Each structure stands twice: as C-alpha cells, then as structure tokens.
Undergrad: 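Quick one: structure below, then a few questions.
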Amino acid sequence: MRRRDDLDDSDGPNDPGDPAFPRAAAAAETSLAGLDARVTRCAACPRLVAWREEKAHDDLPAYRGQRYWARPVPGFGPADAPLLIVGLAPAAHGANRTGRMFTGDRSGDVLFAALHALGLASRPDPVAADDGMTLRGVRMSSPVRCAPPANRPTPAERDTCRPWLARELRLLAPTLRTVVVLGAFGWQALMPALAEAGWALPRPRPAFGHGTRVTLGQRDGQARLDLFGCYHVSQRNVFTGRLTPLMLREVLEAAAEAAGILP
C-alpha cells in the first residue's frame with residue numbers, strides 16, 4: 001500500500017517502493033536538507049508503509065480531525081550539530097502523526113523537557129511540527145524512519161533503512177562529536193551505520209548499557225566520536241522508574257559537555 005505521491009515514474013532504485021531506493025537515494029545526497037526530503041518519499045518496506053497509513057485512520061478521540069503525517073520521519077535539528085540523539089523508530093501516534101522526531105507522545109515530552117532544562121531545546125513541550133521548537137547543537141534521528149507494528153521493526157526493515165542513518169552520520173561528521181543512543185535496539189542498529197559512515201568500531205563491539213560511554217577511534221578522516229548509552233524514554237521505562245528524569249538528564253549533560261555545547 002503506497003500513496004500515489006510517494007511513487008516515482010521510473011522503476012528500479014529510483015522508485016521509492018524499491019528496496020534499493022534508500023541506498024541509491026541516500027548516496028546521491030550532499031546535504032542534510034536534501035536527505036531529509038528524500039527520506040520522506042521512501043516506501044521501500046511494504047509492511048511499514050501499510051502500518052503507518054493504517055494508524056492514520058485509527059480515529060482516536062484525542063487526535064480526531066488531525067491529519068496524520070503517515071510518512072517516513074526525517075531527522076530534526078541543525079545540520080552542524082555536535083550531538084546526535086538516536087532513538088528506535090517513530091511512534092504510531094507520535095511522530096507518525098506530527099511528522100517530527102519525538103513529537104506528539106509522552107516519550108518525546110520527557111526527552112524535550114530534559115533538553116530544555118539543559119538549554120538545548122527552545123521549549124519543554126513538543127506539540128506539533130509547527131510549534132516553533134528549535135534545538136541548539138542537537139539533532140535527533142532513528143535507525144528506522146517509519147512506525148513499526150508493536151514498535152518492533154524486523155531485521156530486514158532495519159537493514160533496508162540503514163543507508164539513511166549512515167548518510168546522515170557522514171553528512172554530520174564535520175561537526176559531530178557525541179551520540180546519545182536510546183535503548184539497545186538503537187545501539188545495535190547504530191554500529192553498522194557508524195562503520196558505513198567511516199568510524200572505526202572496537203572489537204568486540206561494545207554492549208549497550210545505561211551510562212555506557214565508548215570512544216570510537218579515527219578512520220577515513222573522521223574525528224573521534226563518543227557514544228553514550230541511555231535507556232529509552234519509553235512510557236514503560238519512565239513509568240516503572242527504570243529511567244528517571246534525573247538519569248536521562250545526567251546522560252544528556254555528560255554528552256553535551258563532551259560535545260562542547262554547554263557553557
């Protein structure tokens with residue numbers, strides 16, 4: 001199931017519905033603005049396309065009358081950000097609804113509140129893509145750009161989507177100094193994307209853990225990069241106390257200090 005305006009007239013890797021589209025389209029982009037625009041046209045994973053559009057018709061009372069984005073969600077934040085936050089995938093009624101990373105659900109509320117407390121977000125309450133929110137020195141992304149059923153992309157969907165994140169990392173490389181990874185899925189998905197983007201990974205690959213900090217060595221001219229692990233800001237983690245606002249803020253503050261964006 002694909003929207004007519006998601007389609008291209010040509011077949012093969014230029015067709016947004018072809019599994020080869022992400023790699024071919026990402027490689028062709030030389031700017032983050034261009035990459036973000038290409039991401040929104042992708043329809044390479046049929047299951048995710050069907051799910052993201054199905055969720056737009058759930059008719060939930062809280063969102064009745066709102067038009068859902070129901071497309072892949074691009075990264076959000078400045079193109080020269082020293083700090084990147086990597087999640088998992090858009091939420092069905094969060095970013096899949098609003099079209100902006102971590103916007104429109106409780107997970108995003110917790111994350112933006114922590115960033116605002118550190119002076120890295122212009123407001124603590126992400127509401128919609130046109131709410132005027134800006135980030136200072138921070139960009140947000142994810143290894144999977146479409147909302148997946150049960151918040152669980154398949155390995156094939158993760159791998160098909162990887163070129164978008166790998167190219168984003170490559171384009172951010174001149175300024176990127178730290179990455180905060182929210183959750184084990186994002187951590188595992190990030191590693192091959194980092195390798196594609198030119199960073200040297202330690203062997204064995206580092207395991208995810210909250211508070212983990214790993215420094216990647218230089219390769220292909222890339223600057224040293226510090227990775228910080230953090231439990232995901234999911235409702236379950238927050239409600240059970242596995243991740244508290246203080247725990248989140250401590251990781252973000254450490255990463256922002258390492259990136260040189262705090263006073």
Side-chain angles (χ1 to χ4, degrees), residues 73 75-78 81-95 98 100-127 133-144 148 150-153 165 169 172 176-191 193-194 202 205-216 224-263:
V73 180
F76 172 61
L83 192 163
L84 178 67
I85 297 173
V86 175
L88 190 163
H93 300 290
T98 64
R100 191 176 71 196
M101 290 279 173
F102 289 105
T103 299
D105 59 31
R106 291 182 179 178
S107 295
D109 292 345
V110 173
L111 179 58
F112 275 99
L115 290 170
H116 181 262
L118 293 171
L120 303 177
S122 61
R123 52 185 293 175
D125 53 340
V127 178
M133 177 75 75
T134 58
L135 297 175
R136 183 176 67 81
V138 178
R139 185 171 169 88
M140 298 176 170
S141 190
S142 64
V144 176
N151 289 323
R152 292 184 179 179
L165 181 57
L169 288 164
L172 283 168
L176 189 62
R177 297 296 176 266
T178 62
V179 181
V180 173
V181 191
L182 302 176
F185 180 95
W187 183 271
Q188 293 163 4
L190 177 66
M191 294 300 162
L194 285 167
R205 289 185 179 180
F208 171 78
H210 181 83
T212 296
R213 179 173 180 174
V214 176
T215 300
L216 303 187
R224 195 179 77 170
L225 188 67
D226 287 327
L227 307 183
F228 293 79
C230 180
Y231 290 138
H232 196 280
V233 287
S234 66
Q235 290 188 51
R236 182 174 184 178
N237 282 346
V238 173
F239 287 168
T240 61
R242 189 183 192 203
L243 178 68
T244 67
L246 177 60
M247 291 167 63
L248 173 63
R249 178 169 173 170
E250 286 175 343
V251 173
L252 291 174
E253 186 171 18
E257 287 178 348
I261 56 175
L262 286 185

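We're numbering straight along the sequence, starting at 1. Bear in mind that the values here come from a model prediction, so they are computed numbers and not experimental data.
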Undergrad: Looking at side-chain heavy atoms only, is the closest gap between Phe112 and Met140 below 4.5 Å?
TA: yes
Undergrad: Any side-chain heavy-atom pair from Pro202 and Val214 closer than 4.5 angstrom?
TA: yes
Undergrad: Any heavy-atom pair between the side chains of Phe76 and Thr103 that's under 4.5 Å?
TA: no
Undergrad: So, do Pro143 and Val86 sit near enough that their side-chain heavy atoms are less than 4.5 Å apart?
TA: yes
Undergrad: For the atom pair CG (Leu182) and CG (Leu111), what is the distance rounded to the nearest 0.5 Å?
TA: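 These two atoms lie 6.5 Å from each other.
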Undergrad: Check the pair Met191, Leu227 against side chain to side chain contact (heavy atoms under 4.5 Å, CB included), reporting the backbone distance first and the verdict last.
TA: CA-CA 10 Å; Met191 294 300 162; Leu227 307 183; 3.7 Å; yes
Undergrad: Measure the shortest side-chain to side-chain distance between Leu169 and Leu190 over non-hydrogen atoms and say whether it is less than 4.5 angstrom.
TA: yes
Undergrad: Drop me the distance from Cys230's SG to Leu243's CG, to the nearest 0.5 angstrom.
TA: 5.0 Å
Undergrad: Using a 4.5 Å cut-off on heavy atoms from C-beta on, say whether the side chain of Pro82 contacts that of Thr178.
TA: no
Undergrad: Give the C-alpha distance, both sets of side-chain angles, the deciding distance and a yes or no for side chain to side chain contact (heavy atoms under 4.5 Å, CB included) between Val251 and Tyr231.
TA: CA-CA 10 Å; Val251 173; Tyr231 290 138; over 6 Å; no
Undergrad: Measuring from atom CD1 of Ile85 to atom CZ of Phe102, what distance do you get when rounded to the nearest 0.5 angstrom?
TA: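 Ile85 atom CD1 to Phe102 atom CZ measures 7.0 Å (nearest 0.5 Å).
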Undergrad: Side chain to side chain contact (heavy atoms under 4.5 Å, CB included) between Thr212 and Trp187: does it pass, once the steps are laid out?
TA: CA-CA 11 Å; Thr212 296; Trp187 183 271; 4.0 Å; yes
Undergrad: Could you walk me through whether His93 and Asp105 pass the side chain to side chain contact (heavy atoms under 4.5 Å, CB included) check?
TA: CA-CA 7 Å; His93 300 290; Asp105 59 31; over 6 Å; no
Undergrad: Please say whether more than 12 non-hydrogen atoms of neighbouring residues, nucleotides or ligands are located less than 6.0 Å from CZ in Arg123.
TA: yes
Undergrad: Between Arg139 and Leu172, is any pair of side-chain heavy atoms under 4.5 Å apart?
TA: yes
